[in-house]
Student: 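The structure's right below; bear with me while I get my questions together.
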Protein chains: 2
Amino acid sequence: MSYVTPSGELDDAGRPLRRDAQRNRLLILEAAREVFAQQGLDARFDDIARVAGVGVGTVYRRFPDRADLIDALFERELDEVVARVEAAAADPDPWAGLQDFIAWGVEAQAADRGLSQVLADGGYGHERVARGRARIEPAVASLVERAQAAGVLRADVSALDIGIATAVLSQIGTPAQPELRRRYVRLLLDGLVVRRDAPTPLPAVSPVDADLACLVEPARRTGHGTVEN
Amino acid sequence: MSYVTPSGELDDAGRPLRRDAQRNRLLILEAAREVFAQQGLDARFDDIARVAGVGVGTVYRRFPDRADLIDALFERELDEVVARVEAAAADPDPWAGLQDFIAWGVEAQAADRGLSQVLADGGYGHERVARGRARIEPAVASLVERAQAAGVLRADVSALDIGIATAVLSQIGTPAQPELRRRYVRLLLDGLVVRRDAPTPLPAVSPVDADLACLVEPARRTGHGTVEN
DNA sequence: ACCGAAACGGAACAACCGCTCCGTTTTCGT
DNA sequence: ACGAAAACGGAGCGGTTGTTCCGTTTCGGT
């Protein structure tokens, strides 16, 4: 995977970065991918610098804001998500395609906490992440609608339901336990009940984007009313 | 709710606490309940002290270890959980009883992050919490077995599956959004598929206690192998 | 080969947090 | 009412974390 993007290799004045700076930029992005995947997007810059083999100052110089780093890093990862949705949509069997996408989405988020945060919460990154995110929901929606048109997916769920479900399931177990997560993916697809001829209607409320966001950002739980003072 | 337990009102030498100390002890427990519910069991003692209206020193004097405070606080809350399981088991309809317990368990954990941590991870608290926890799993197991014997609950799920599922579902939305969570409770009970005559077999692995624990303690995710050095 | 500019690294600073310690206040038996 | 002991509060200490800053090193055009 290469991060050679023209936009990323020019300094503020439009001049190309010096060769050592370019090399370090790539080392930092590579390190950030690993560290963000393990620790989430709040990981310490010191850790990223150490893994990259550079000083902290270098990280801050190249990416003054955490969001700059996230934006540069996840643009490509979001493209990968879109590609996976489209691959699922290309499956001749709508149900199989949806199952595969859900299974992949759960594993991708389990293996990369940073990805699950970016997917859930629009507050991370900048325009590049925002553009990537914007492409995902419609793609999943068409996957969902195709399965519903085929009569295999219940009609009262949305693309956002799939997003919330995959985000939640990805939190089960450790990254090394895909089989465990598959168990609960199966339960979501199948249900706990032994047999059923038609879906029990869902409660009226449908989720909105913010409902997905508060899954990974527990600090934003506002429902309680904050402790006095 | 009263915390008047004989064990909690004696100092180390077996003498009763002074009146102001008893009063403050209750204020601290009351405050800890509120703060732990909102912020989880890692909440700062300063916050608890402020809400209780006492100094930090007083909190540390009465509960030298965080686990002491957790142990004193959650003994009763775990009794409540057991009572709820038993109430569900008393429902003449095994399926309705199970549904009610799951719905209640999800809401209880959504409203109290501390409770969900105590339920998931045996590492919190001391003997009193341990005893409370030990009573829950068998009680849920009998609820589960009754539903399976009645042929309404698929045979390949365990009490621990119910624990993991409720813990996960409780993380959806804010505490103020019970209807949103109910949507996904319904999906778990029902499944995404439109109709089904018999359950699709689950992947072979069954969860163990540790799998529930790592839901609420993301620091313990070990699957990745830590970043070098 | 040389020089100015760019980039580097990590020491250092400030903010923050958990916990302790001690001068002051409150309680309670006499 | 009084004195000893228990309890209180919050300032303060040591450790950690996010960010900056500057003396040194590296690069690249001439």
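All heavy atoms count here, side chains included; hydrogens, waters and symmetry mates do not. Naming: A, B, ... by sequence-line order, numbering from 1 per chain.
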Student: Run the side-chain contact (heavy atoms from CB on, under 4.5 Å) test on Tyr124(B) and Arg66(B) for me, step by step, so that the C-alpha distance in whole Å, both residues' side-chain angles and the decisive distance to 0.1 Å come before the verdict.
Tutor: CA-CA 9 Å; Tyr124(B) 293 109; Arg66(B) 182 177 295 264; over 6 Å; no
Student: Round to a whole Å and report the spacing from CZ of Arg19(A) to C1' of dT25(D).
Tutor: 16 Å
Student: Could you state the OH-P distance from Tyr60(B) to dG18(C), rounded to the nearest angstrom?
Tutor: 6 Å
Student: Nearest whole angstrom, please: distance from the P of dG9(C) to the CZ of Arg50(A).
Tutor: 15 Å
Student: Distance check needed: dC19(C) C1' versus Asp42(B) CG, whole Å only.
Tutor: 16 Å
Student: Could you point out which residue of Arg84(A), Arg131(A), Arg135(A) forms a side-chain hydrogen bond (donor to acceptor under 3.5 Å, both in side chains) with Asp79(A)?
Tutor: Arg135(A)
Student: Relative to each other, are the rings of Phe45(A) and Tyr60(A) parallel, tilted or perpendicular (30° and 60° limits)?
Tutor: tilted
Student: Using a strict threshold of under 4.0 Å (side-chain N to carboxylate O), is an ion pair present between Asp112(B) and Arg33(B)?
Tutor: no
Student: Could you check how far CG of Asp68(B) sits from P of dG18(C), rounded to whole Å?
Tutor: 17 Å
Student: Base, sugar-phosphate alone, or nothing: which one does Arg15(B) contact when heavy atoms must sit under 4.0 Å apart?
Tutor: sugar-phosphate
Student: Rounded to whole Å, please give me the gap between CD1 in Ile48(B) and P in dC19(C).
Tutor: 11 Å
Student: When you measure from the side chain of Arg113(B) to the backbone of Ala37(B), do you find a donor-acceptor pair of N or O atoms at a distance under 3.5 Å?
Tutor: no
Student: Taking NZ, NE, NH1 and NH2 as the nitrogens, is one of them in Arg44(B) or Asp47(B) under 4.0 Å from a carboxylate oxygen of the other?
Tutor: yes
Student: To the nearest Å, how far apart are Asp65(B) CG and dG18(C) P?
Tutor: 14 Å
Student: Could you state the atom-to-atom distance from CG of Asp46(A) to P of dT19(D) in whole Å?
Tutor: 10 Å
Student: Encode nucleotides 7-17 of chain D as B, S and - characters from 5' to 3', where the letter depends on protein heavy atoms closer than 4.0 Å: B to the base, S only to sugar-phosphate, - to neither.
Tutor: SBBB------S
